[in-house]
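Proteins come first, then strands; the chains are lettered A, B, ... in the order of their sequence lines, and each starts at number 1. In what follows, every heavy atom counts, from backbone to side chain, and hydrogens, waters and symmetry copies are set aside. Please read all numbers here as calculations on a predicted model, not as lab measurements.
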Amino acid sequence: MPVKRADKTPMPVQDAGARAHNFGEVNEGYTPAHAAIEAERCLRCQDPVCVGGCPVQIPIPDFIHAVAAADMAGAAAILRASNPLPAICGRVCPQELQCESECSMGGRFRPVAIGHLERFVADWERTQPMTARPGIKHSERIAVIGAGPSGLVCAGELAQRGYAVTVYEALHAPGGVLRYGIPEFRLPKAILDGEIDRLRAAGVEIQCNVIIGRTITLDELFTAQGFAAVFIGTGAGLPQFLGIPGESLNGVYSANEFLTRVNLMGAYESEADTPVRVGRRVAVIGAGNTAMDAVRTSLRMGAEEATIVYRRSEKEMSARTEEYHHAVEEGVRFHWLTNPLEILDDGQGWAGGLRCQRMELGAPDASGRARPIPIAGSEFVLPVDNVILAIGTTPNPLLTRTTKGLATNKHGGLIADERTGLTSRPLVFAGGDAVTGAATVILAAGAGKKAAQAIHEALEAKRH
Amino acid sequence: MARILESHWLTPVTRYFKLDAPLIARSARPGQFVMLRVREHGERIPITIADYDREAGTLVIVVQEVGATTKRICALEAGDQILDVAGPMGSEIELPPGGHVCGVGGGFGTASLLCLMRERRALGDRTTAIVGARTKELLILVDELRAICDDVEICTDDGSAGLRGFVTQRLAQLIAGQGPGRPDHVIAIGPMAMMRAVAETTRAPGVKTFVSMDPLMVDGTGMCGGCRVTVGGRPQFACVDGPCFDAHQVDFDVAMRRNKAYVKEEREALERLACVSGRGRGEKGDAEPSPEPSGSRRGA
Ligand SMILES: Cc1cc2nc3c(=O)[nH]c(=O)nc-3n(C[C@H](O)[C@H](O)[C@H](O)COP(=O)(O)OP(=O)(O)OC[C@H]3O[C@@H](n4cnc5c(N)ncnc54)[C@H](O)[C@@H]3O)c2cc1C
Ligand SMILES: Cc1cc2nc3c(=O)[nH]c(=O)nc-3n(C[C@H](O)[C@H](O)[C@H](O)COP(=O)(O)OP(=O)(O)OC[C@H]3O[C@@H](n4cnc5c(N)ncnc54)[C@H](O)[C@@H]3O)c2cc1C
Ligand code: SF4
Ligand code: SF4
Ligand code: FES
């Protein structure tokens with residue numbers, strides 16, 4: 001056996017100085033030679049603990065083995081059988097908390113780059129002709145609400161089982177957060193478009209500009225529209241605000257507004273009509289993936305100083321490690337243990353400063369993370385032109401407000417059976433962020449997949 | 001996609017459209033709006049549903065040219081398609097039936113009174129419309145309103161039609177018992193300055209008043225918070241919680257300031273359009289003064 005290399009094969013990246021000013025993808029992808037070397041690092045463990053770390057239990061050593069054997073079609077088939085969105089998950093999964101956190105190579109050395117390999121295989125697959133349309137086998141039609149990862153995966157899985165599926169999306173383009181939230185430099189729209197083309201080719205109908213609860217109610221989907229079952233994948237798109245003074249000043253955005261203007265509406269492209277104003281100094285509040293995306297986007301939109309302001313420390317940050325490293329390389333500044341108190345008016349009704357307070361860490365709080373405590377007399381003003389709030393989102397209440405009998409928890413999330421996704425209403429299933437609150441793409445995809453199986457079983461049971 | 005069935009100019013800068021949009025027409029309620037996009041890379045803009053016909057599956061909108069997107073829409077003719085029409089967005093105004101409701105319309109805001117007054121009358125309300133414009137030529141849809149309201153009161157700044165003066169002067173007279181008499185509810189739809197003046201007119205006499213706020217919007221589905229308005233000291237999302245709010249609770253200063261956030265970029269978009277189409281704001285716009293940022297999205 002060849003000697004295993006201790007380190008991960010590095011991902012080729014665009015130069016940090018250059019990429020901080022363009023929207024091209026940061027990670028350029030493995031070459032076949034990189035992939036072959038990395039695949040060889042996998043120990044093909046008897047007890048592949050990595051699989052337990054993956055929310056959809058991809059048989060990781062099997063697909064990596066196929067890569068090592070240069071059997072790309074085999075690798076792609078293994079991936080797709082458990083994860084319908086491999087090109088996306090390979091790019092955006094928090095691997096360091098999931099599959100790679102468990103990898104046996106990670107003990108003495110560095111874990112196998114499972115995500116990079118997954119992306120490599122999926123990108124190869126995109127160059128191949130699409131497989132044939134599955135064909136309609138059942139008379140029942142199924143409606144899916146929301147074209148984010150959970151809805152798209154649910155629709156795809158049902159189409160594979162021979163159902164006619166219609167996806168209703170409120171916005172003018174499908175993809176959910178993958179379209180309006182995650183920027184081009186991390187997840188090129190062409191990758192998402194490829195997945196959507198694949199679904200359409202499999203017979204899934206996607207109707208944009210339809211807001212369920214407004215254009216058509218959920219009840220009408222069953223009555224007027226004649227659907228046999230419904231999957232709700234409406235996400236957690238409602239942005240939270242801090243409730244501090246100055247939040248209604250001009251130049252203060254939720255991360256959703258800022259990223260939607262740039263990603264969905266294309267404000268970074270010269271032909272776009274939708275403006276976004278980015279000043280010289282941008283402060284982003286929060287330290288999750290959304291905050292990193294917002295701060296790095298503001299650099300690319302011309303900000304000279306782009307700063308993260310976070311009331312806890314680097315250790316508690318929830319962003320993917322890779323994104324954090326990339327942000328540091330690109331010149332993003334960080335104010336850890338800093339709590340915003342007020343956004344100050346520049347005298348013209350625009351944000352001019354962010355009054356902050358330094359914090360120190362105390363005993364763990366309800367979330368198990370150290371509670372930040374203010375340090376007396378530590379207040380200071382950070383000069384800013386824009387403030388972007390990336391402090392979390394909750395499930396959008398539009399559908400639950402307009403629908404009777406859909407039970408929700410105290411965070412506004414739909415109550416759904418963990419195994420099947422069944423909600424408090426018969427033949428209405430749900431999954432993804434609409435149930436869990438803001439989580440991850442792979443969890444949303446996994447929930448869509450499980451619900452597709454449960455819908456199929458429920459309809460089979462009705463038939464007999 | 002929605003096909004335009006009819007379109008014509010109501011004033012030199014305001015255009016009427018009837019759209020084939022059966023799904024939206026079926027569920028539309030007074031006070032709601034649609035989000036439109038006319039081209040790839042285009043902006044999503046909110047436009048009020050002026051009227052609807054559930055049986056025919058049609059929707060009426062009235063659009064005033066103020067910037068790049070509204071100019072693109074107003075260039076469309078019957079038979080053309082609008083790329084994206086999504087809705088109905090927003091919540092309807094909840095009022096107890098059977099009272100005297102007075103709709104105050106300014107500029108193209110008058111159009112939104114059509115379905116509102118028709119539905120209120122069907123609920124048994126006494127209906128009065130007060131419509132205002134700078135001059136006679138800019139008044140719109142007066143005959144249509146006469147057909148569905150108990151009373152229609154006209155005000156023009158120059159006295160070329162109806163009373164000379166502002167809609168608020170006539171409203172104050174009604175509240176004092178003149179003409180059709182004191183209304184139980186007032187709903188004002190028009191330029192922000194007008195809505196603010198209406199709110200001040202009804203505040204002291206304590207007449208319950210709603211205004212239809214027109215903040216900048218991006219998605220219109222409650223996902224961005226860009227449309228937040230301060231109501232009773234708390235932020236509300238106009239696209240889902242509104243667009244109609246209690247006029248006496250709205251912070252108009254904040255609302256007017258927020259609407260001016262993109263004046264520079266909007267002007268640039270307009271200049272880009274002028275370059276492409278070879279026509280500036282001139283032609284159709286000459287009847288109107290140059291677009292001074294009024295802090296309102298609705299023409300006066
Ligand atoms: C900026 C940002 C960066 C992120 N980065 C990562 C990352 O790196 N890795 C990761 O794993 N996760 C990341 N996430 C989280 C991840 O994107 C979400 O967990 C995931 O997209 C949830 O999928 P979903 O299908 O549940 O909902 P969404 O993606 O939110 O999609 C819901 C869709 O439903 C539509 N909708 C809502 N209501 C209605 C209605 N009434 N009628 C019709 N349509 C409706 C919405 O318009 C939307 O398109 C990120 C999130 C954000 C915001
Ligand atoms: C809930 C809601 C309902 C609405 N309903 C309607 C409707 O039924 N019909 C309709 O036409 N519009 C309506 N609007 C306003 C409409 O959405 C805006 O006019 C539109 O977004 C402008 O887009 P634009 O690209 O054409 O102009 P932009 O490029 O966005 O900007 C307009 C330009 O015109 C200037 N401008 C803005 N307001 C005025 C004004 N009052 N007079 C002169 N210049 C001005 C601005 O400063 C800017 O330079 C509504 C808005 C909301 C929020
Ligand atoms: S889907 Fe995500 S967690 Fe699972 S193997 Fe792929 S990268 Fe790892
Ligand atoms: S745990 Fe690591 S080394 Fe073992 S099979 Fe999984 S990826 Fe390969
Ligand atoms: S327009 Fe985005 S939340 Fe209202």
Under 4.5 Å from any heavy atom of chain B, what part of [X] do you find: side chain, backbone, both or neither?
X	result
A/Gln240	neither
A/Phe258	neither
A/Glu269	side chain

Is there a side-chain contact between [X] and [Y], using heavy atoms and a 4.5 Å cut-off?
X	Y	result
B/Met217	A/Glu257	no
B/Arg228	A/Pro239	no
B/Phe237	A/Leu238	yes
B/Val218	A/Arg261	yes
A/Gln348	B/Lys260	no
B/Arg44	A/Leu171	yes
B/Val240	A/Arg214	yes
A/Asn209	B/Arg37	no

Non-hydrogen atoms of chain A under 4.5 Å away: do they reach the side chain of [X], the backbone, both or neither?
X	value
B/Val85	backbone
B/Thr230	side chain
B/Gln32	side chain
B/Arg29	neither
B/Met35	neither
B/Pro235	neither

Based on non-hydrogen pairs under 4.5 Å, which of [options] is most in contact with chain B?
options	answer
A/Leu389, A/Thr217, A/Ile216, A/Leu249	A/Leu249
A/Pro397, A/Ala272, A/Gly213	A/Ala272
A/Ala170, A/Ser248, A/Ala236	A/Ser248
A/Gly237, A/Gly266, A/Pro275	A/Pro275

Heavy-atom pairs under 4.5 Å with chain A, option from B/Ala68, B/Gly42, B/Ala28 with the top count
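Max contact count across the listed options: B/Gly42.
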Next item on the list: Please say whether more than 12 non-hydrogen atoms of neighbouring residues, nucleotides or ligands are located less than 6.0 Å from CZ in B/Arg234.
Entry: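 Counting neighbours around CZ of B/Arg234, 12 or fewer heavy atoms of other residues, nucleotides or ligands fall under 6.0 Å, so no.
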Polar side-chain atom of B/Arg258 near backbone of A/Asn250 as donor-acceptor pair, under 3.5 Å: no
- Message: Treating A/Thr215 as the side-chain partner and B/Ile24 as the backbone partner, does any N or O pair qualify as donor plus acceptor under 3.5 Å?
- Response: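 A pair under 3.5 Å: no.
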One should read off an interatomic distance between B/Met223 CE and A/Asn256 CG, to the nearest 0.5 angstrom, of 6.0 Å
Distance col, row A/His172:NE2 vs B/Asp219:CG, nearest 0.5 angstrom, shows 10.5 Å
key: Check against salt bridge (charged side-chain N to carboxylate O under 4.0 Å, His left out), B/Arg26 and A/Glu220   = CA-CA 12 Å; B/Arg26 227 173 29 102; A/Glu220 286 168 341; 3.7 Å; yes
Q) Between B/His41 and A/Asp273, does a side-chain contact (heavy atoms from CB on, under 4.5 Å) hold up when you go through it step by step? A) CA-CA 6 Å; B/His41 301 290; A/Asp273 289 336; over 6 Å; no
